[in-house]
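Note that the coordinates shown come from a computational prediction; the quantities given were computed from them, not determined experimentally. Naming: A, B, ... by sequence-line order, numbering from 1 per chain.
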2 protein chains.
Amino acid sequence: MEGKANIQDVAKRANVSIATVSRVINNQGGVRKQTEERILKAIQELGYIRNAAARTMKSKDTKTIGVIVPDINNPFFPSVMAGIEQKAREKGYFAILSSTNESPVVEQEILKNFIERGVDGVIITTANENGDHLKQVLEQGIPMVAVDRSIQYYDVDTVLVDNVKGSYQAVQHMILQGHEKIAIICGPQNTTPGRERFIGYKKALEDYNLKLDERYIFQGDFGERSGYQGAHQLYSLEDRPTAIFSSNNLMTIGCVKAIGDLDWKLGEEISFFGFDDVDIATFINPKLSVVSRPMHALGELAFQLLHERIQFKDPVPKREYKLSPELIIRESCRLRYPKSSPDGQSLKK
Amino acid sequence: MEGKANIQDVAKRANVSIATVSRVINNQGGVRKQTEERILKAIQELGYIRNAAARTMKSKDTKTIGVIVPDINNPFFPSVMAGIEQKAREKGYFAILSSTNESPVVEQEILKNFIERGVDGVIITTANENGDHLKQVLEQGIPMVAVDRSIQYYDVDTVLVDNVKGSYQAVQHMILQGHEKIAIICGPQNTTPGRERFIGYKKALEDYNLKLDERYIFQGDFGERSGYQGAHQLYSLEDRPTAIFSSNNLMTIGCVKAIGDLDWKLGEEISFFGFDDVDIATFINPKLSVVSRPMHALGELAFQLLHERIQFKDPVPKREYKLSPELIIRESCRLRYPKSSPDGQSLKK
DNA sequence: CTCCTAAATGTAAACGTTTAGATTTTCTTA
DNA sequence: TAAGAAAATCTAAACGTTTACATTTAGGAG
């Protein structure tokens, strides 16, 4: 009983034509109950499993979507993926997941492969927002939705987190606590999240009449190491900041590590706010205040948009969703008494 | 210029037959340079991309492997996945990833779908080691390798971590520090890791003539919550343990959280060793000692074994690898002075 | 210039489905 | 019970490749 049975074998055994078998496999109805049972029995006995490749050849669709993430080790993406997968499974879709390690070249290859395989749609967090490597996909009429990073030159549905709002609120929170020397550890400025979180930071300072101080701006790369370096550099400043805003989870980890190593008193000498919740946030003392992103929801929404595109091929205009992040206030930001020593004696007002 | 070009179109445009085109697509040689260039040009101009489904119909293989994990949110699996993916890409394979949420039913469905798609192989961490749902895959002659959890009734290549050794060493370490009342937070006993880590624990106690105390054995389920509950229960004991060994990462997190909430002095009143390294390990004070698994290597090896099976279909006997975990000694285990108050005054020899 | 051989290219038959459209069977109704 | 309609079933043609085998072409040797 090799795994060889095909629809022919089933048809023969059930004494019907392959068309009828096909009908019951896809429950299209119009088959007498008695016949159906006979066919089902034959399928059972032969251990028949339909061949997806052959099916795809005729019907075009694969019930497969391709998912591209830049870094599978960043816990943000598995979470998003979980959301995607859940919704996908509900609708009978499967997901091919590939990680680019932030390499546009790899991304290009993966996309080509996705097209070869005839994926019904693509969900992507691109490694290169300005690239034209996405063109090929769109040209094939394959729907695409961008997650977390938007795409420059093409109109694709996009699901973002409101980064500006998130970082604005975080920085605002620190300002309202009396901080004036607030540093930021930035992400790469050629990525949407990196850029936007910086914008929120600037906007908050502006709205509260604090001037931007170059010394307090550290350019990181979203990697743990750069967070570590950032904190070190800020610490080495003559005039240290009293608060730090870190632009993503990994840098937060690096940053907090450095703060610990430097014996910089978190929540006292230095307040802290991070973008993205992290496991460690509630383990260190004081607990970290963070901006939390609705990752699962992001994934669910992304699939939902994609699915709509897959089903109704009509050209609906591009849609863009911005999900609001949530401020989780814990303990790493303490009231600050401006212009005075940090002992809290001379409370202003 | 719809994304419709097929091999026929290319052939026509290059003024050759489809056979020749096929030959250059698969670089099989035997095509005059001049002709090849003409074909390449046509491909370029038409934006032709070969149809994987049609290809698969003839040549049988899909260059796709299916990967099944029980919980995509457990950081262990993305790490393994990264290893798999890296090796796979090197060999021109792609991976379909699906998460079962520990549900054997879902797992069964996914496997069926994998067969439909004609994956060339399967890498799986099964949700049900005793299930016969794996039979269908093997029957189709699809190679399979098990990762982290072995499979009962079938002979498949297996890549494991030496759980017994890991937990043995961890417990041994605590014993040698003088601990006698060592508790364990177990994983489910119907999974290999859960079982084996418990065995290592028992063995260590036995070897050092410590008797197993039922009160110090807490049955968890590898989830964070159960770790939390475990620590609570142990704390509520009249005669508290002086050390805890936690069987996995998530339970470690729960456990450490509880210890914090209970104000149980980590590293002083209670020593701790966890299986699996976690982000938080180096953030809390004292830093956590853990057993660390070579996750990336696990994934790489798994793919390698699978690839061998795919290439050489000959029935090689089942192979089983056990990778050694590594003990990372940090600070959460302190010397214990047995039989005396924990103030360390009465050091026994 | 022929002939022969080897290299290059072409022809046509699968692969396993789905699905119009044709045909047969069953059921209803007069 | 026959006719007609409706339901069930069948036939055959795709889908886009790969590949064994057949055919043509090129290039030397005589």
Side-chain angles (χ1 to χ4, degrees), chain A residues 2-40 42-43 46-64 112-113 115-120 140-141, chain B residues 2-40 42-43 46-64 112-113 115-120 140-141:
Chain A
E2 295 292 86
K4 303 287 180 197
N6 62 16
I7 200 170
Q8 283 272 20
D9 302 328
V10 174
K12 213 169 291 169
R13 178 174 260 250
N15 234 292
V16 293
S17 75
I18 57 172
T20 309
V21 176
S22 176
R23 249 174 239 117
V24 349
I25 290 171
N26 302 294
N27 7 213
Q28 298 178 291
V31 176
R32 212 177 322 181
K33 191 143 193 185
Q34 186 188 16
T35 318
E36 174 164 355
E37 273 164 11
R38 204 152 20 102
I39 293 172
L40 254 20
I43 288 177
L46 292 169
Y48 165 74
I49 295 185
R50 88 140 137 1
N51 178 320
R55 175 175 202 289
T56 295
M57 276 208 61
K58 285 291 313 178
S59 58
K60 283 335 181 187
D61 59 352
T62 55
K63 293 288 181 187
T64 304
K112 168 119 180 279
N113 189 275
I115 297 173
E116 272 193 38
R117 288 165 188 275
V119 296
D120 296 343
Q140 303 282 329
Chain B
E2 293 293 88
K4 303 288 181 195
N6 62 15
I7 201 172
Q8 282 272 20
D9 302 328
V10 174
K12 213 167 291 168
R13 179 172 259 251
N15 234 290
V16 293
S17 76
I18 58 171
T20 309
V21 176
S22 176
R23 256 177 230 115
V24 350
I25 290 172
N26 302 294
N27 6 217
Q28 298 179 290
V31 176
R32 210 178 322 180
K33 191 144 192 185
Q34 184 187 16
T35 317
E36 175 164 354
E37 273 164 10
R38 203 152 22 100
I39 292 173
L40 255 20
I43 289 177
L46 292 169
Y48 165 75
I49 294 184
R50 90 140 138 352
N51 178 320
R55 175 174 202 288
T56 294
M57 275 206 62
K58 287 289 313 181
S59 57
K60 284 335 181 188
D61 60 352
T62 54
K63 293 287 182 190
T64 304
K112 167 119 181 278
N113 189 275
I115 297 173
E116 273 192 35
R117 289 165 188 277
V119 296
D120 295 343
Q140 303 282 329

Problem - Residues B:D61, B:R55: salt bridge by 4.0 Å N-O rule - result: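 Salt bridge between B:D61 and B:R55, a charged N being under 4.0 Å from a carboxylate O: yes.
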
Exercise for the section: Using a strict cut-off of less than 4.0 Å between a Lys/Arg side-chain nitrogen and an Asp/Glu carboxylate oxygen, indicate whether B:D120 and B:K60 qualify as a salt bridge. Expected result: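 Looking at B:K60 together with B:D120, the answer is no, because their closest N to O distance does not fall below 4.0 Å.
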
[X] [atom1] to [N] [atom2]: how many Å, rounded?
X	N	atom1	atom2	result
B:I39	C:dT9	CD1	C1'	10 Å
A:Q8	D:dC10	CD	P	12 Å
A:K58	D:dC15	NZ	P	7 Å
B:I49	D:dC15	CD1	C1'	18 Å
A:R50	C:dC15	CZ	C1'	17 Å
A:R32	C:dT26	CZ	P	6 Å
A:E36	D:dT9	CD	C1'	14 Å
B:D9	D:dT17	CG	C1'	13 Å

Kindly point out which of [options] is positioned nearest to the side chain of [X]?
X	options	result
A:R23	D:dT9, D:dT19, D:dG16	D:dT9
A:M57	C:dT18, D:dT9, D:dC15	D:dC15
A:I7	C:dT18, D:dC10, D:dT17	C:dT18

Distance check: side-chain N/O of [X] vs OP1/OP2 of [N], anything under 4.0 Å?
X	N	value
B:N6	D:dT17	no
A:R55	C:dT18	yes
A:K60	D:dG16	yes
A:S17	D:dT11	no
A:T20	D:dT9	no

Handout entry: Distance (rounded to the nearest 0.5 Å) between B:I115 CD1 and A:I49 CD1
Key = 4.0 Å

Exercise for the section: Would you indicate what B:I25 reaches in the nucleic acid, counting non-hydrogen atoms under 4.0 angstrom: base, sugar-phosphate, or nothing? Expected result: nothing

Practice task
Report yes if the side chains of A:S22 and A:I18 come closer than 4.5 Å at any heavy-atom pair, otherwise no.
Solution key: no

Practice task
Indicate whether any N or O donor in one side chain lies under 3.5 Å from an N or O acceptor in the other, for B:R117 and B:T56.
Solution key: no

Problem - Position toward the 5' end of DNA chain D (nearest nucleotide), A:T35 or B:Q28 - result: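 That would be A:T35.
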
